[in-house]
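Notes follow the structure.
The chain is numbered in sequence order, starting from 1.
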Amino acid sequence: MAKINFGGVEEEVVTREEFPLEKAREVLKDEKIAVIGYGVQGPGQALNLRDNGFDVIVGQRKGGASWEKAIEDGWVEGETLFEIEEACDKATFIMYLLSDAGQKDQWPVIKKYLTPGKTLFFSHGFSVTYNDLTGVVPPAGIDVILVAPKGSGLTVRINYLEGSGINSSFAVYQDASGKAQEKAKAVGIGIGSGYLFPTTFKKEVYSDLTGERGILLGALAGVMEAQYNELRKHGHSPSEAFNETVEELTQSLIKLVGAKGMDWMYSNCSTTAQRGALDWKDKFKEAVEPVFKKLYESVKNGTEAKIVLEKNSQENYRQELDKELKEMGDSEMWQTGKKVRKLRPENWKQEA
């Protein structure tokens, strides 16, 4: 692995240059890979592997929307698309990509097919790390590995088609063959990773759950709502409040951050914006540090995992989730967002 210095800390990463696709194919040439679950991560990873020349089949419960989606994507029933048990029976390499609650539910089924010599793959450390809650304890005699793309399943596919790839972490939980790490690297390259960095199952799930509840989703939505509501209280119009809260961030500033970093983005803003941002940055940091401390502890002690499994196992969970999402979507801020997005230049209609 290549050694790279990140802010004074030397880390090892796997790049496509040192582990090219041809090498990945060679490592997995004798494997029949079954992607179990065609919901969030399943489609992107399965399609990328198929396009890259690996021997891939899909295992999914028949009759639902995910089964139909797989057929639409070109998987053929009886040839490359099977019920979960049949796919597991045929496979030597099982990619367990059901939801965390789904993995707990299906584990007694999957475990029957984990015979010595097979490989069990995860894209999330949840089930293994919280095995006291999930019951997912891999048997001896198999390799247990992880590759976790740092993005949604949709992004995994889009980035692959655009040729950019997506960064992923990888880990080995159990190495029965002596080749588990090579397999993890190979499948990571096969699903289209731009580069791979090592982690552990535990570290992956701790960072992932913290990130999702924090800056990636929970904190971002909460801070947006707080600023939007404050602007509205003082008489700013919905469109002005939305543009200053969301539109400018997503359509301009975050792209500069992604291109060259926060410091570069600051240097390309007005001097007034620079001064204010620098003065207020630490105030926000100090305000949220206690929240992040509490969040990480909740992840580490299993509280967040318990909530996920309990909520997702409730019969009416999907209906309650739809209500929560509808409440967010129906809010003034996000209804304003729909109208603002329609006014973007790419949505203007040209009249003849």
Seminar exercise, completed: One should read off an interatomic distance between F242 CZ and K338 NZ, to the nearest 0.5 angstrom, of 11.5 Å
Exercise. Is the ring centre of Y296 less than 6.0 Å from the ring centre of F292?
Worked result: no
Problem set entry | K326 with D322: basic N within carboxylate O range, under 4.0 Å | no
For this session: Please report the shortest heavy-atom distance between L81 and W75, naming the atom on each side.
Result: CB-CB, 4.0 Å
Exercise. Distance from L231 atom CG to S237 atom OG, nearest 0.5 Å?
Worked result: 9.5 Å
Exercise. If you measure from the Lys or Arg side-chain nitrogens to the Asp or Glu carboxylate oxygens, is any gap between E320 and K323 under 4.0 Å?
Worked result: yes
Distance-only donor-acceptor pairs under 3.5 Å for side chains of residues 265-275, two or more places apart:
| from | atom 1 | to | atom 2 | distance (Å) |
| --- | --- | --- | --- | --- |
| S267 | OG | W264 | O | 2.7 |
| N268 | ND2 | W264 | O | 2.8 |
| S270 | OG | A273 | N | 3.0 |
| Q274 | NE2 | Y266 | O | 3.0 |
| Q274 | NE2 | C269 | O | 3.2 |
| R275 | NE | D279 | OD1 | 3.1 |
| R275 | NE | D279 | OD2 | 3.4 |
| R275 | NH2 | D279 | OD1 | 2.9 |

Exercise. Given I142 and S177, is the side chain to side chain contact (heavy atoms under 4.5 Å, CB included) satisfied, shown in steps?
Worked result: CA-CA 7 Å; I142 67 169; S177 69; over 6 Å; no
For this session: Indicate yes or no: does K29 engage E26 in a salt bridge with an N to O separation below 4.0 Å.
Result: yes
For this session: Determine whether L47 and I33 fall in the same hydrophobic cluster, where Ile, Leu, Val, Met, Phe, Trp and Tyr are linked whenever their side-chain heavy atoms lie under 4.5 Å apart.
Result: yes
Exercise. In this structure, are over 12 heavy atoms from other groups packed under 6.0 Å from K293 atom NZ?
Worked result: no
Exercise. With a 4.5 Å heavy-atom cut-off, do R344 and E247 have their side chains touching?
Worked result: yes
For this session: Quick one: pull up CD1 in I36 and CZ in F121 and give me the separation to the nearest 0.5 Å.
Result: 12.5 Å
Problem set entry | Side-chain donor-acceptor contact under 3.5 Å, K183 with T119 | yes
Problem set entry | Side chain to side chain, Y195 and V14, heavy atoms closer than 4.5 Å | no
Seminar exercise, completed: When rounded to the nearest 0.5 Å, the distance separating CG of D51 from CG of L161 is 7.0 Å
For this session: Give a yes or no answer on whether the side chain of E83 reaches the backbone of G59 with a donor-acceptor pair at less than 3.5 Å.
Result: no
Problem set entry | From CA spacing to verdict: side chain to side chain contact (heavy atoms under 4.5 Å, CB included), V308, Y130 | CA-CA 11 Å; V308 168; Y130 301 115; over 6 Å; no
For this session: Could you tell me whether the side chain of D73 reaches within less than 4.5 Å of the side chain of Y38, counting heavy atoms only?
Result: yes
For this session: Could you tell me how the ring of Y173 sits relative to the ring of F201: parallel (under 30°), tilted (30 to 60°) or perpendicular (over 60°)?
Result: tilted
For this session: Taking S252 for its side chain and L249 for its backbone only, find out whether a donor-acceptor pair lies under 3.5 Å.
Result: no
Exercise. So with a 6.0 Å cut-off around CD of E327, is the heavy-atom count from everything else above 12?
Worked result: no
Problem set entry | Pair E332 + R232, salt bridge at N-O below 4.0 Å | yes
For this session: Please determine, by modelled atom types, if T199 and E204 share a side-chain donor-acceptor pair under 3.5 angstrom.
Result: no
Exercise answer: donor-acceptor pairs, residues 84-105 side-chain atoms, under 3.5 Å, sequence neighbours excluded:
| from | atom 1 | to | atom 2 | distance (Å) |
| --- | --- | --- | --- | --- |
| E85 | OE1 | K112 | NZ | 3.4 |
| E85 | OE1 | Y113 | OH | 2.6 |
| T92 | OG1 | E31 | OE1 | 2.5 |
| T92 | OG1 | K32 | N | 2.9 |
| Y96 | OH | Q103 | O | 2.7 |
| Y96 | OH | W107 | N | 3.3 |
| S99 | OG | G102 | N | 2.9 |
| Q103 | OE1 | S127 | OG | 2.6 |
| Q103 | NE2 | Y96 | O | 3.0 |
| Q103 | NE2 | L98 | O | 3.1 |

Problem set entry | Donor-acceptor contact present, side-chain N229 to main-chain E225, <3.5 Å | yes
Exercise. Is there a path from Y317 to L325 through hydrophobic residues (I, L, V, M, F, W, Y) whose side chains come within less than 4.5 Å of each other?
Worked result: yes
Exercise. Should L28 and V56 be regarded as members of a common hydrophobic cluster, given that ILVMFWY residues are connected when their side-chain heavy atoms come within less than 4.5 Å of each other, either directly or indirectly?
Worked result: yes
Seminar exercise, completed: All heavy atoms of W67 vs all of R61, minimum pair found to be CB-O, 3.6 Å
Exercise. Once you round to the nearest 0.5 Å, how far does NZ of K69 lie from CD1 of I71?
Worked result: 12.0 Å
For this session: Would you check if L253 and E248 make a side-chain contact, meaning some heavy-atom pair closer than 4.5 Å?
Result: yes
Would you tabulate the side-chain donor-acceptor contacts of residues 209-224 under 3.5 Å, counting partners in other chains and residues two or more places apart, or write 'none'?
| from | atom 1 | to | atom 2 | distance (Å) |
| --- | --- | --- | --- | --- |
| T210 | OG1 | Y206 | O | 2.8 |
| R213 | NE | E304 | OE1 | 2.7 |
| R213 | NH1 | L209 | O | 3.4 |

Exercise. Is the shortest distance from a Lys or Arg side-chain nitrogen in K23 or E18 to a carboxylate oxygen in the other one below 4.0 Å?
Worked result: no
For this session: Supply the atom-to-atom distance M262 CE to K281 NZ, rounded to the nearest 0.5 angstrom.
Result: 9.5 Å
For this session: Grab the two heavy atoms, one from G302 and one from L133, that are nearest each other, plus how far apart they are.
Result: O-CD1, 4.1 Å
Problem set entry | Within-4.5 Å side-chain heavy-atom neighbours: L309 and F126 | yes
Exercise. Can F170 be reached from I189 by stepping across I, L, V, M, F, W or Y side chains whose heavy atoms are under 4.5 Å apart?
Worked result: yes
Problem set entry | Check: V246 main-chain N/O paired with T250 side-chain donor or acceptor under 3.5 Å | yes
Problem set entry | Side chain N316, main chain Q319, donor-acceptor under 3.5 Å | no
Exercise. Any luck finding a side-chain donor-acceptor pair between R25 and N52 under 3.5 Å?
Worked result: no
Exercise. Are any of the side-chain nitrogens in E182 or K179 under 4.0 Å away from the carboxylate oxygens of its partner?
Worked result: no
Problem set entry | Between S168 and S193: side-chain donor-acceptor atoms closer than 3.5 Å | yes
Exercise. Hey, any chance L256 and I254 share a hydrophobic cluster, counting ILVMFWY side chains that come within less than 4.5 Å of each other, even indirectly?
Worked result: yes
For this session: Taking atom types as modelled, find out whether Q45 and Q41 have a side-chain donor-acceptor pair closer than 3.5 angstrom.
Result: yes
Problem set entry | Heavy-atom side-chain contact between V187 and L49 under 4.5 Å | yes
For this session: Please assess V136 against F122 for the test side chain to side chain contact (heavy atoms under 4.5 Å, CB included), listing each intermediate value before the final yes or no.
Result: CA-CA 12 Å; V136 176; F122 295 88; 4.1 Å; yes
Exercise. Where is the tightest heavy-atom contact between I191 and V156, given as atom of each residue plus distance?
Worked result: O-CG1, 3.7 Å
Exercise. Nearest heavy-atom pair of K150 and D208: which atoms, and what distance?
Worked result: NZ-OD1, 4.5 Å
For this session: Measure across W334 and M328 and return the closest heavy-atom pair with its distance rounded to 0.1 Å.
Result: CD1-O, 3.5 Å
For this session: Check whether any side-chain heavy atom of T134 sits under 4.5 Å from a side-chain heavy atom of V128, and report yes or no.
Result: no
Exercise. Hey, does the side chain of Q227 reach the backbone of E244 with a donor-acceptor pair shorter than 3.5 angstrom?
Worked result: yes
Exercise. Can you find a pair of side-chain heavy atoms, one from Q174 and one from D143, that are under 4.5 Å apart?
Worked result: no
